[in-house]
Amino acid sequence: MMNTIADNLFKKIVDDANTAVLYAESPVPNSLHSKEYLIKYANQKAQNFFSIALNPNQNKSLGEIVKYDEVLILANKVLEAGVEENFNIVVKEDNNLFNYNVRITIVHTGLLFALTLLKPDFITDKESKLPLGNLESRKRELEISSLFGIRVLDSNDSIICYLKPIFNNKGDVEDFRIDYINNRMGEIANEESAIIEGQTILEYYPNNLENGVLEILADGYISGENKEYTKEFIFDEEVIWLTTRAIKMNDGLILFSKDVTQEKKYEEQLFIQNRLLSEAERVANIGSFRWNLSKKEVKYSDNVYRLFGYDPNEFDDKYDRLLTFLHPNDVEKVKSSFKEGKKNKTKSDLVFRVYTKSSELRYMNTIGEYYQKEGNWYMVGVIRDVTKEIEGESKLQIKNSELKRTNADLEAFNRVASHDLQEPLRKIQMFVSRLDEEEQGRLSNRSIGYLNKIKSSSDRMRSLINNLLAYSKVDEVAEQPKRVDLNDVLKNVLEDLGELINDLNAKVDSTNLPVVNGIQFQLEQLFANLIGNSLKYVKEGVQPNIRILSSVVLGNKSSEGNLLPNINYVKLQFIDNGIGFEKKYQDKIFEIFQRLHGKTEFSGTGLGLSICKKIVQSHNGSILAKGELNKGAEFTVYLPTLL
């Protein structure tokens, strides 16, 4: 009877206590997994706390009713070590936070849990010099303090959340529950924080398993080390980059995440720009550098290494290392130039020789400018390989020297041709003429034949000398090009050739000709040579017929490949019905001294068409010929037009 009264009294005291008391035993002897322990007793406070109603026919386990993983973790520790655990946890009830003290003890073969609500400590009057309020006012102070803390967290630019680990049967972290998150996350994900809270990180964002976030957080929780990571997330099809710092606090993790999406975009743009710059440097065969003068460190672009025959970053970034590449005779020049530029902060432009990795001598040109940043002076610039330019310039200088010698020889020849050759020729012609007059009637037919050959040869020699002089002086004309009406040019030429045209009963037809920019007397010489050529090479018994046609064509629409594509040209066609020539001669016909017929068949020196070509070229034009034996010839001239 007394035992029954005692049991009832004890049960009454325990059930009415403010401490939540819960007792559980394992169905398996000596089990170390607290989740498997079945509830054998829970007082009213415990039933309210864990939201359970014990039924003798129900065997609920700790894993089913205890939602606070840190409680189960420490219960496992108690089972393993056999030592009582005593700790505090913060519980959220009806949007309020409460602090509980938890004690876990081994009793017989089971675990005894005791959870006691802790009252907040308040500052005394003497400490705060404020009047001590009643319990209601203290509660209000706590609410205000909690509200203030939430406002502070919500006003932070970072996303702040607190995570609690969730363990599997093996005791490994398999997920984290989101116990708190400020409103910054809601702004990014377009969801209220209250909806996010209570979910696990895999429920809210399943990809946290694939992107490695869960693994990082689990490692941070187990090791206690702070973790930092930057990951890509997608909310409402919008890409968001978050950089996160995870810190273990109490029995959970607090995460501080910052939205770095814009920085990532800038980083991506910078990466693309750097790639484009690197490719541009490779194509242009140049490199760039940035030299920190205070540290004597030089940051090179990848292509600088390639210019020196190395792979990117194959040699160090010290200024003295650069000097080892220099040709011995250029070391002092480079040092002096850099020293002067460093002193006066003036732009440098220097050419020097270097030996590449394969010991090849190359010429480099560096252009650099100085600037100051955060108290340090820097030099930035470009390096380019100018070996081909230097070698090309050297070859050009040699060619120029050869050209000067050639021009000097040509001038000497002109002097000889214009005076020294013509003087004895005049005497030959004069004495031949006197001999013909004085010995007229006394010379034999053979001697007269010899004398006529001397006359013919001397006349041909004079014509040759005059044509050579004309050919050599085409490019030496001092007169400036001006507007020239080709109708006037043709009129003057036909007047000069009028007697020959009448003798041959030739017919010359022409369309209306345009105006060009040129030198009139040279264009008259061009027309005279082309028309004269047609009058010379006529077919016996056929009336000579010469047609001159004109049109305007665009360079890239013409069959002539030497014309500029976007320039309009006057196209002049000189077409005759003479003896023509074989197709194989159409390219050689403009070569100097090139004759297609013997001197006994047709007179001439072989310079007429060569002079035509030189005149056309001096007018930035082109000339070509085509013909067919015994069917005539056609000469086509292209001259830039004013239209």
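Heavy-atom basis, side chains included; hydrogens, waters and symmetry copies ignored. If you're wondering where the values come from, they're calculated on a predicted model, not measured in any experiment.
Between K347 and D349 there is no salt bridge, since none of the side-chain N atoms of the basic residue sits less than 4.0 Å from a carboxylate O of the acidic one. Salt-bridge formation is detected for the pair E84/R103: a Lys NZ or Arg NE/NH1/NH2 atom is positioned less than 4.0 Å from an Asp or Glu carboxylate oxygen. Between R245 and E228 there is a salt bridge, with a side-chain nitrogen of the basic residue lying less than 4.0 Å from a carboxylate oxygen of the acidic one. Salt-bridge check for K227 with D219: passed, with a basic side-chain N closer than 4.0 Å to an acidic carboxylate O.
N101 and N86 share a side-chain donor-acceptor pair at under 3.5 Å. No donor-acceptor contact under 3.5 angstrom links the side chains of S26 and E36, judged on distance only. Inspection of the S301 and N303 side chains reveals no N or O donor paired with an N or O acceptor under 3.5 Å.
In the displayed structure, R353 atom CZ is contacted under 6.0 Å by more than 12 heavy atoms of other residues, nucleotides or ligands. Within a 6.0 Å radius of CG in N30, other residues, nucleotides and ligands contribute 12 heavy atoms or fewer.
Looking only at distances, a side-chain donor or acceptor of N168 sits under 3.5 Å from a matching main-chain atom of G171. Remark: side-chain polar atoms of E314 are paired, donor with acceptor, to backbone N or O of D311 under 3.5 angstrom. Side-chain atoms of D330 never come within 3.5 Å of backbone atoms of L326 as a donor-acceptor pair (strictly under, hydrogens ignored). In this structure a side-chain-to-backbone donor-acceptor pair under 3.5 Å is missing from D302 to P312. Here the side chain of N43 pairs no donor or acceptor atom with the backbone of A20 at under 3.5 angstrom. Side-chain atoms of K231 never come within 3.5 Å of backbone atoms of W241 as a donor-acceptor pair (strictly under, hydrogens ignored). With T19 contributing its side chain and T116 its backbone, the two residues share no donor-acceptor pair below 3.5 Å. Under a 3.5 Å cut-off, the side chain of T387 and the backbone N or O of Y363 do form a donor-acceptor pair.
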Test log, rule ring pair (Phe, Tyr, Trp, His ring centres under 6.0 Å), inputs Y371 and Y378: CA-CA 5 Å; Y371 73 96; Y378 298 86; 5.5 Å; yes
Worked check of side chain to side chain donor-acceptor pair (under 3.5 Å) between E340 and S337: CA-CA 5 Å; E340 181 68 20; S337 175; over 6 Å; no
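Aromatic pair F315/Y305: ring centres closer than 6.0 Å. For Y100 and F49, the ring centers are positioned less than 6.0 Å apart. The aromatic ring centroids of F325 and Y355 lie 6.0 Å or more from each other.
The aromatic rings of F235 and Y205 sit tilted, their planes meeting at an angle between 30° and 60°.
Residues M364 and R384 form no side-chain contact, since every pair of their non-hydrogen atoms from C-beta on lies 4.5 Å or further apart.
Geometric assessment of K248 against the ring of Y221 yields a positive cation-pi assignment under the 6.0 Å and 45° thresholds.
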